[in-house]
Each structure stands twice: as C-alpha cells, then as structure tokens.
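Accompanying notes for the structure given below.
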Protein chains: 2
Amino acid sequence: MARRVVRTPTATAPDLDARKALILEAVVIEHIDSAQPVGSSAVAASADLDVSSATVRSEMVALEREGYLAQPHTSAGRIPTDKGYRYFVDHLKSGVLGTVQQQQVKEFFAGVRGEVEDVLEQTSTLLSQLTSYTSVVVGAGHAHATVLSAQLVNLESRHHLLVTVFSDGSVVKHSVTPSFVATPKEVMEASKQLNALLIGTTLESRVQVPARHDHEAALVREAVSTLHAQQPVTDGEQVFIGGSSKVAEVFDGVETVRQVLAILEQELLVVSLVQDILDQGLSVAIGSEHGYEPLLACALIVAPVTIDGAPAGAVGLLGPTRMKYREAMAAAEVVSANLTRHFAGADDRG
Amino acid sequence: MARRVVRTPTATAPDLDARKALILEAVVIEHIDSAQPVGSSAVAASADLDVSSATVRSEMVALEREGYLAQPHTSAGRIPTDKGYRYFVDHLKSGVLGTVQQQQVKEFFAGVRGEVEDVLEQTSTLLSQLTSYTSVVVGAGHAHATVLSAQLVNLESRHHLLVTVFSDGSVVKHSVTPSFVATPKEVMEASKQLNALLIGTTLESRVQVPARHDHEAALVREAVSTLHAQQPVTDGEQVFIGGSSKVAEVFDGVETVRQVLAILEQELLVVSLVQDILDQGLSVAIGSEHGYEPLLACALIVAPVTIDGAPAGAVGLLGPTRMKYREAMAAAEVVSANLTRHFAGADDRG
DNA sequence: GTTAGCACTCAATTCTACCGAGTGCCAGCG
DNA sequence: CGCTGGCACTCGGTAGAATTGAGTGCTAAC
C-alpha cells in the first residue's frame with residue numbers, strides 16, 4: 001500500500017502574492033484547455049496583469065522553485081504540478097453548470113423513479129454524460145440498517161433462501177443448505193423464529209441462537225451464521241461506474257488507460273478510495289494526494305450524498321489531473337445535492 | 001441497425017484444396033502470433049508443405065481472389081479476412097487448456113460458493129484471467145420462473161417493498177407507494193393475498209386482481225401492476241463483464257478501444273448480441289458476422305450454459321479478430337461446462 | 001506444376017537540416 | 001529596485017530526402 005498524504009485544503013496554501021497567483025491560475029487554465037506546456041508570452045497575453053513576458057518568466061522560475069510549476073524540459077513552457085492544481089482548486093470560485101447541463105439534470109431528476117440501485121446506476125450514467133469523465137457512484141452499505149423482515153423460502157430439497165429486508169430498503173438473499181431435508185412445516189417454523197430473532201437487529205448485533213438439536217433450530221442457526229458471515233462494512237456497498245469508455249478519451253497513452261481501467265475493475269478499491277478522500281474532508285484528490293500510484297495521472301472529485309443528514313454514499317468523477325475542475329465539481333455538487341433531495345423526498349412522492 | 005448475416009458454420013466452407021488450406025492456416029496462425037502481415041517465405045518455412053515461396057505466392061493470389069486473404073498494400077504480406085478466420089475456426093480441432101489454466105479452473109470451481117450472481121461475477125473474472133480477453137457472462141432472466149413467495153414489507157409511512165422470490169432462486173424487490181398510509185394489519189393482509197395470488201405464476205401470467213376499493217385491495221393491485229411492469233425478457237437478465245482493462249491491451253488504436261468500451265457499457269446490447277449469436281447456432285462471431293459496426297474489429301466467442309438442459313445463460317469472450325481462437329474457445333467451453341455442472345450439482349453439495 | 005531469379009513497390013526507418021517556441025540572462029530605463 | 005526589451009541559446013518537433021528491406025508479380029527454365 002502506498003503512502004497516504006493527509007492534508008487539509010486550507011493548511012496547504014500559504015497564499016502566493018497576487019501576481020503569482022494570477023500567473024499560476026493562467027497557466028493552469030491554459031494548460032487544462034490546450035494540454036500543452038504554457039509559455040510566458042501566452043500568460044502575459046491572457047491574464048489581465050499588465051506586465052511583459054520577461055516579468056512573467058521571472059515569476060515563473062519562482063513558482064517552479066516553490067513547486068507549483070514544472071518544466072517538461074528546458075525551452076518548453078510550464079505545466080502545473082499537483083501542488084499547482086491544488087492551489088488552483090483551493091482558490092476556485094464555485095462554478096455553475098452550463099444551461100444545457102442544468103436542463104439535463106432537471107429532466108433526469110424529474111423523471112427518475114424506481115429502486116435505489118436503479119437510480120444510482122442511472123445517476124452514474126448521467127454524471128458521466130454531463131462531464132465526459134468517468135463517474136463513480138457509491139451507495140453506502142447497510143451496516144447500521146436494522147432488519148425489517150427475514151424469511152426462509154425453500155427452493156428445492158435442501159436448498160433454501162434466506163431473504164432479509166433492511167430498514168434502508170435493501171434486500172439481500174443468502175443460500176441456506178443444511179445437511180438434511182426439512183419439511184415445509186419445519187421451514188415455515190424456522191422462518192417465524194428467524195423473524196422473531198432478527199427483526200430490529202443490525203448486521204453487527206450478536207444474536208442468541210437456539211441450541212436445540214431439532215431441524216428448525218439447525219436451520220435457524222445456519223441461516224443466522226450465513227447472514228452474519230457477510231462483511232458488514234464492505235459487502236453491502238454498491239458501486240456504479242459510468243462512462244468507462246471516457247477513460248480512453250481523456251487519458252493519453254494506452255498504458256495509462258489500461259491502468260485506470262484495471263483500477264476501476266476493483267470495486268472495493270474504488271470504494272475505499274472514495275471513502276478515504278471523504279474522510280480527509282476533501283472534495284478533490286489530485287495526483288499523488290490519494291496515494292495510489294496507478295492513479296498518479298488522475299484527479300478524483302467526490303461529493304457526499306446524505307439521507308436525513310447521515311452519509312448515504314457519494315458521487316465522484318475521475319479524470320486526468322488536468323481535468324476541468326470547475327465544471328466537473330459543479331456537476332458533482334449539483335448531482336449530489338439533487339440525489340440527496342431525491343432520497344429525502346422519496347416518501348412524499350409517488 | 002446493421003445488416004445481419006445469417007450463416008451456419010458448415011454451409012460456409014466449400015473446402016479449399018489441402019494445400020490452400022494449409023497455407024491459409026499458416027497465415028492465420030502466424031498473423032495471430034505476430035500481428036503483422038505474413039509473407040510467402042514465412043509460410044513456406046513454417047507449414048510442412050515442401051514447396052518454395054514462389055508456389056506459396058501463386059496460391060496466395062488465388063486465396064486472395066477467393067476472399068480468404070487480403071493485402072494491406074502491394075508489397076506487403078497477407079492478412080486473413082473475416083472469411084479467412086471463419087474457415088480457420090470452422091476447421092479448428094478443439095484445443096485443450098494449458099495445465100496452468102486447467103489448474104486455475106479446477107481450483108476456482110472447487111472453491112466457489114455463494115449466490116448465483118456472485119458465482120457468475122467471479123466466473124467472468126476467471127475467464128478474463130484465463131485468456132487475457134474481456135469476458136462476458138450472461139445470466140438468463142427469470143421469464144419462465146414461477147413465484148415461490150411474495151411479501152409486502154412496510155419501510156416507512158407510504159413506502160412499501162414487494163419482495164418476490166422466484167423458483168430459479170432470484171429475488172427481486174419493487175417499491176410500492178400508494179397514496180394512502182396503510183395500517184400494519186392491512187399490509188400484512190395484502191401480503192397474504194399477494195402470496196395466494198402470485199405463487200406459482202410467472203411474470204408472463206395474467207393475474208386476477210381484486211376489484212374492491214379497500215386499502216388491502218389497492219395495495220395488492222398496485223403491487224401486482226408494479227411487478228408486471230418490468231420487462232419479462234430483458235429485465236431479469238444479468239450481465240457481468242470481466243477484465244474490461246484487457247480491451248486496452250489487445251486492441252490497438254485509442255479510438256477502437258473507446259468504441260469497444262462504449263459497447264460494453266450498454267449491457268442490454270451485449271445481451272442481445274450474445275443471444276443473437278447463440279440463436280444462429282454459432283460459437284464464434286467474427287468481425288462483420290455479428291452485424292454491429294463498432295465491433296468490426298472484434299471476434300466474440302460464446303458458449304451456452306444450461307441448467308437441466310434448459311438454457312440458463314452463456315459465457316463469452318471478446319477479443320480482436322486476430323484472437324487466439326483455440327485457447328479462448330477451449331477456455332469458454334471448459335468454463336461453461338464447469339458452470340453447467342456447478343449449477344446442476346448445487347443441490348447435492350453444501 | 002514448380003522453382004529460381006529478378007525487377008519493382010512501398011511502408012518504415014534513419015538522417016539531416018531547420019524551424020520556432022520558449023527560456024535565461026543582462027543591460028538599460030523609469 | 002523592479003520592469004522591460006533584446007539577445008543568445010536550447011531543444012523538441014517537423015519536413016524532406018535517402019535508404020532499407022520485406023515482399024510481391026512475373027517469367028523463363030527445369
């Protein structure tokens with residue numbers, strides 16, 4: 001596991017003097033736009049500071065010495081470092097979505113309905129369409145949800161299904177295959193006992209299982225142990241990744257594309273990545289900040305989604321470090337806000 | 001929608017004379033291996049026909065005239081056309097898996113357990129690891145499965161969950177949100193009625209719903225209509241795609257990678273693609289054969305999975321037309337056979 | 001029917017020269 | 001003292017020319 005850099009956004013930025021800040025900003029903006037190193041004359045022309053390119057140059061060497069800019073090679077322009085992007089992002093005035101996108105979001109949330117999973121999945125598609133970056137939508141696990149109902153259904157001979165409904169609306173099933181064939185009556189009885197036993201508990205609660213030796217008790221024991229065998233923290237979590245084809249668009253270099261795709265395949269890793277960033281109180285992790293080497297070329301924007309104030313997941317956007325932060329952050333924030341509102345208002349509507 | 005070419009494997013191959021067949025085979029094998037046009041001298045050296053390169057050349061012009069080979073430009077070697085690959089595949093002696101892979105499959109199926117979905121998902125990872133191609137695993141929908149149990153659970157105020165268990169072991173949930181708040185007693189009563197009404201039916205059955213105007217009847221009506229609103233054919237189907245990062249490895253050209261990834265994102269399309277190929281009785285679709293233009297550069301290998309003789313899904317491998325057919329087909333077949341066996345034997349084991 | 005020989009083709013590679021964007025430095029200026 | 005115009009220098013990228021070499025098609029001879 002790579003080293004993790006813990007930092008808060010504010011502690012990082014010892015505030016450059018106004019002119020340096022303007023120059024840095026100009027370089028970042030221009031480089032995001034052109035994907036090319038930015039020269040002093042371009043900066044002198046674009047930013048509204050009335051100085052010559054020579055002055056810009058001398059400021060640039062300072063910025064480079066302080067670690068905000070880098071030079072791919074002598075006699076090329078400058079490109080921002082991760083630290084440079086960080087400064088840029090920390091001093092970014094929050095942007096607004098384009099009107100087209102606003103409309104798209106509005107229509108989407110007006111029309112979306114159905115189960116939570118479906119909504120999250122469609123949201124991930126929406127986000128990636130809004131921004132043309134790959135989106136990551138994480139739905140929180142049901143570690144703290146309580147059991148509303150547990151039911152044992154016989155499929156065939158020794159194969160039963162334990163179907164558990166949680167207070168957060170999630171439904172999970174587990175196979176229960178004891179070493180004996182139970183009668184329908186025994187299954188029904190076990191089902192009743194399971195209901196009595198499990199309702200109101202969470203996956204973390206310990207449950208007193210009957211120690212008797214009859215079939216019902218055996219079924220109940222097996223069902224409970226199967227249910228609790230699942231990892232409470234990670235297992236219930238859902239990840240929806242939208243627009244993975246965008247990876248091939250926004251990153252250059254087949255190898256980078258491959259690496260990023262490989263990361264996205266490991267959903268657990270993606271979840272913990274997003275979680276880490278949220279835990280650090282960040283909304284953007286740039287390059288080395290998230291500590292995963294294969295994602296050095298990436299920036300990850302996250303925005304939490306809450307239900308009744310409690311964290312219920314997050315939406316994220318994955319792009320190159322030179323991504324369009326303002327637009328992407330706006331999109332993530334708007335979508336997470338809409339999602340939060342959608343879930344809060346879900347009961348009151350149809 | 002692009003034109004679909006329907007053909008059976010045997011009808012396509014008017015059997016080339018022995019020497020041409022050998023030459024074609026040599027070109028295909030060599031090109032799969034080297035990814036480069038194959039010259040006459042290479043063929044003369046490799047294949048065990050004792051002729052000179054000049055003879056091979058004159059045969060090659062014939063093969064080109066008949067559409068089995070193509071020349072990227074004059075003074076380059078030959079590469080196989082889709083038709084050439086088709087001939088090659090149709091005359092392929094079925095290969096065997098490498099011992100490492102055999103071991104891997106054995107260990108996997110010895111150790112795998114859990115719900116069908118989990119098994120399928122892990123299988124897709126396995127397949128892609130075995131072959132370093134992207135895998136597609138399709139689980140059949142439950143159009144013909146009968147309802148084993150239906151239960152209505154109240155989440156909060158007007159938000160209920162209809163949880164339906166099918167005979168194929170699948171569990172689906174649907175939100176039921178009537179315009180009134182029902183009492184716990186009403187919900188329980190509705191749940192009972194739903195059970196009585198739905199058990200034994202399929203999603204395609206029409207069900208007689210009560211026409212009464214009380215809360216129970218309204219709940220039942222809403223629940224049944226919600227359940228039947230789902231598309232029986234497509235909705236229950238599951239797709240698991242493994243190793244999408246392999247796309248970036250085996251295809252060259254960012255644009256191709258992007259297109260293939262974009263296709264893979266549309267899961268419904270992938271399902272119907274696999275289904276189409278199976279319906280044609282093929283096990284491999286090469287280039288234009290599957291009729292999707294963005295996949296012109298692809299070949300797709302499929303192998304059906306059955307439960308008790310009935311189709312229960314399929315496993316597939318997606319690679320470039322110059323993929324390693326023998327190994328990949330062997331992998332797909334072995335895995336599909338193991339999967340079939342796994343599901344057949346699921347009841348008898350733990 | 002097969003083959004050795006040969007002229008020809010053409011993508012890929014290498015080399016060279018050159019261009020120009022951009023830099024660092026410095027002397028002069030307000 | 002900070003800014004600026006000027007200038008020499010660097011170095012990646014490009015364009016063109018020359019070269020290479022794998023591979024072909026053709027033909028005459030076996």
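Values reported hereafter were calculated over all heavy atoms of this structure, with side chains retained and with hydrogens, waters and symmetry mates removed. Below, read A as the first sequence line, B as the second, and so on, with proteins coming before strands; counting in each chain starts at 1.
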Looking at [Y], is its backbone amide N or carbonyl O close enough to the side chain of [X] to form a donor-acceptor pair, meaning the two atoms are under 3.5 Å apart?
X       : Y       : result
K83(A)  : E66(A)  : yes
T81(B)  : G67(B)  : yes
S245(B) : L261(A) : no
E327(A) : T131(A) : no

- Quick tally for nucleotides 18-30 of chain C: nucleotides whose base has a protein heavy atom under 4.0 Å get B, sugar-phosphate-only ones S, the rest -, giving ----SBBB-----
- First encountered from the 5' end of DNA chain C, between H73(B) and D50(B): D50(B)
- Between R86(B) and D82(B), is there a salt bridge with N-O shorter than 4.0 Å? no
- Query: Does T55(B) put a side-chain nitrogen or oxygen below 4.0 Å from OP1 or OP2 of dT3(C)?
  - Reply: yes
- Before giving the answer on side-chain contact (heavy atoms from CB on, under 4.5 Å), spell out for M323(B) and V250(B) the whole-Å C-alpha distance, their side-chain angles and the decisive distance to 0.1 Å. CA-CA 9 Å; M323(B) 72 195 290; V250(B) 289; over 6 Å; no
- Of E64(A), E25(A), E59(A), which is the lone residue that meets salt bridge (Lys or Arg N to Asp or Glu O under 4.0 Å) with K20(A)? E59(A)
- Task: Grab the CD-P distance between Q36(A) and dG13(D) for me, whole Å please.
- Result: 9 Å
- Message: Side chain of R19(A), heavy atoms from C-beta onward: which of dT2(C), dG12(D), dC3(D) has the nearest atom to it?
- Response: dC3(D)
Under 3.5 Å, side-chain donor or acceptor atoms of residues 253-260 of chain A against the rest of the protein: list the pairs with distances, not counting sequence neighbours.
unit_1: E255(A); atom_1: OE1; unit_2: R258(A); atom_2: NH1; d: 3.1
unit_1: E255(A); atom_1: OE2; unit_2: R258(A); atom_2: NH1; d: 2.8
unit_1: E255(A); atom_1: OE2; unit_2: Q259(A); atom_2: NE2; d: 3.4
unit_1: R258(A); atom_1: NE; unit_2: E249(B); atom_2: OE2; d: 3.3

- Task: Just report the end-to-end axis angle for the helix from dG1(C)-dC30(D) to dG30(C)-dC1(D), five pairs per end, to 10 degrees.
- Result: 20°
